[in-house]
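Accompanying notes for the structure given below.
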Number of protein chains: 2
Amino acid sequence: MEDPHIDQVRRFNRAVTLRTGALDDSYLGRGRPLGQARLLFEIGPDGIDIGSLRELLGLDSGYASRLLRALERAGLVVVEQDGKDRRRRIAKLTETGLAERQAYDALSDDLAATLLDTLGERQRDRLVTAMAEVETLLGAASVTIAVEPEDSEDAKWCVAAYFAELDRRFEGGFDPGSGGYAGNSGKMQDDGVFLIARLHGRAVGCGALRRLDATAGEIKRMWVAPDVRGLGLSRRLLEALEAEARRAGMTRVVLDTNRSLAEAQALYRKAGYRETERYNDNSYADFWFEKDLRTPP
Amino acid sequence: MEDPHIDQVRRFNRAVTLRTGALDDSYLGRGRPLGQARLLFEIGPDGIDIGSLRELLGLDSGYASRLLRALERAGLVVVEQDGKDRRRRIAKLTETGLAERQAYDALSDDLAATLLDTLGERQRDRLVTAMAEVETLLGAASVTIAVEPEDSEDAKWCVAAYFAELDRRFEGGFDPGSGGYAGNSGKMQDDGVFLIARLHGRAVGCGALRRLDATAGEIKRMWVAPDVRGLGLSRRLLEALEAEARRAGMTRVVLDTNRSLAEAQALYRKAGYRETERYNDNSYADFWFEKDLRTPP
DNA sequence: AGAATTGCCTGACTAAAGTCAGATAAATGG
DNA sequence: CCATTTATCTGACTTTAGTCAGGCAATTCT
């Protein structure tokens, strides 16, 4: 274990916990135990149901309940019943609670400002830029990819966003109901899979695999949300789809693409796909690729 | 408070504590309370005296003692007396303790690796680079500058490093005992001040101010350690020296510099210094600068 | 040498954090 | 409708973290 990358991550960690431990202390500046302060903060201006709150902070149900009682006694929080499911309860901030939360906000702002204060303008810009980069990439690292039902809300939303983007980018637009595409746009066959990539719960990408025959599959609907591009997500989706194909006993995957999607073609080539001849009558397709899954990745 | 910089710092903070809070948890993976684990880790392979250990972790003396007893009972640590000062005691890891520490190390490594695992090579590089940048600049933000006795160990060390650098950079070298420099190299006058910049305790820069007459001071011995350059530290030192000059009732500061120190000249100009005529007989000086302190900064 | 200081220790205490086993009421499944 | 599950709560605990007051021995100051 002398990977310099790992070393850097650990050094970073040390430096940051040293520094931002102080930022955590802003949670202590108001004479309230950390646990209560965190709760107060996470309840947020709009209120939240207790279950989500517990999950968010990773608390034991008994403990969470007790903390809420304490905040209630202090007049900062009210807990009321959910209209739909009367077992469920919703915590909301009172006027006082909201003011208190804003005070915590101000404390955090002050601490962040102190951090920047000592730096010159150039250094400040550099720091903030680097922080944004770290934040984004840590986000990328916590994207999860999983098989989900193709008819879920999020799946439909992803596919709609995908189609909308195709319509924007193809010369002459794109209509999912026309040009040989129709046959594919229906429900996936028996053992097709639909993958969704999620960032902190939000769907930010998708990809589908459908079976062509006993040994071949087709990859379709690979899409990544514009604001999370450049993070290698499409590579991960592609790899995940290939893994699904292998799991389904396929030895070969194919896909088609349009000439206006240059990044996609680059991705496929880099991932070991070779151009092949037309295998379908999709009128939007200009290039066809295939990859042999039997060779090790 | 809607400074986008502050917002970015806070978003970064959230993202990082969310993600790398998990890295802290590696301290918990071995069924030992966090406090003990931190101690075990900080004692390090070579042992450390208890005073330093306490300071490092910011612990109460009684608490630290108790934690050490617990680790001793577990057979991970031995505490022995210092040879020189028999009040002082030194904590060392036993064989078992060392192994345990390595286990913590491995856990941290694993967690860091998991973080990097999901990313592609490009993203990994970007993340690590950004992390290094953040780490460095957070370091810069925690540099403190303070007046210290001119004859302290660290002050002498800084000045020696400064002279050594001059000797390396000046054409024909530099000898503090010659060429009109001698007169200045003795002890500072009555109300001269010596500033030291420290990064986590380590001296990383210095600067001196001495009085020339009732209203003027001279800035000398501005130096920043090579590994922390580019962080705006010299700017901060210069500002601190000017503040000292104002405090001492000076309305004007002067300084001289050698032609081979181009960055220094750029710094002085940017800070509002104007070139002026020779005011001393320092044979190493090629340029002389002055700044009127009465104009607001 | 005697007084003060330093470095570490123990005992006695408190607050915060967290766990676990039920209890209760509402919702859901057959 | 009854059994089960779900969402939250209460009470009874334990552990961890941390503080404070004093105590003892070694060192330093005068």
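Throughout, protein chains are lettered first and strands after them, A, B, ... in sequence-line order, and every chain is numbered starting at 1. All values below were derived from every heavy atom in this structure, side-chain atoms included, with hydrogens, water molecules and symmetry-related copies excluded.
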Q) Who are the side chain to side chain contact (heavy atoms under 4.5 Å, CB included) partners of Pro149(B), not counting sequence neighbours? A) Asp151(B), Ser152(B)
Q.
Within the 4.0 Å limit for protein heavy atoms, which parts of nucleotides 7-17 of chain D are touched? Write it as a string from 5' to 3', B for base, S for sugar-phosphate only, - for none.
A. SSBBBB---SS
Q: Output every pair passing ring pair (Phe, Tyr, Trp, His ring centres under 6.0 Å) with a member in residues 134-161 of chain A, not counting sequence neighbours, ordered by first then second residue.
A: Trp157(A)-Trp223(A)
**Q.** Of all pairs that satisfy side-chain hydrogen bond (donor to acceptor under 3.5 Å, both in side chains), the ones with a partner from residues 64-79 of chain A, not counting sequence neighbours
**A.** Ser65(A)-Arg69(A), Arg69(A)-Glu72(A)
Q: Go through the structure and list residues passing ring pair (Phe, Tyr, Trp, His ring centres under 6.0 Å) with Tyr63(B), not counting sequence neighbours.
A: none
Q: Only counting residues at least two apart or in another chain, list the ones meeting side chain to side chain contact (heavy atoms under 4.5 Å, CB included) with Ser61(B).
A: Arg54(B)
Q | For Arg89(A), salt bridge (Lys or Arg N to Asp or Glu O under 4.0 Å) partners two or more places apart | A | none
Q. Who passes side chain to side chain donor-acceptor pair (under 3.5 Å) against Asp82(B), sequence neighbours left out?
A. none
Q) Of all nucleotides in DNA chain C with an atom under 4.0 Å from a non-hydrogen atom of chain B, which is the first and which the last going 5' to 3'? A) dT6(C) to dA12(C)
(Q) Between Arg211(A) (side chain only) and Ala248(A) (backbone N and O only), is there a donor and an acceptor less than 3.5 Å apart? (A) yes
Q. Closer to the 5' end of DNA chain C via nearest nucleotide, is it Arg38(A) or Arg86(A)?
A. Arg38(A)
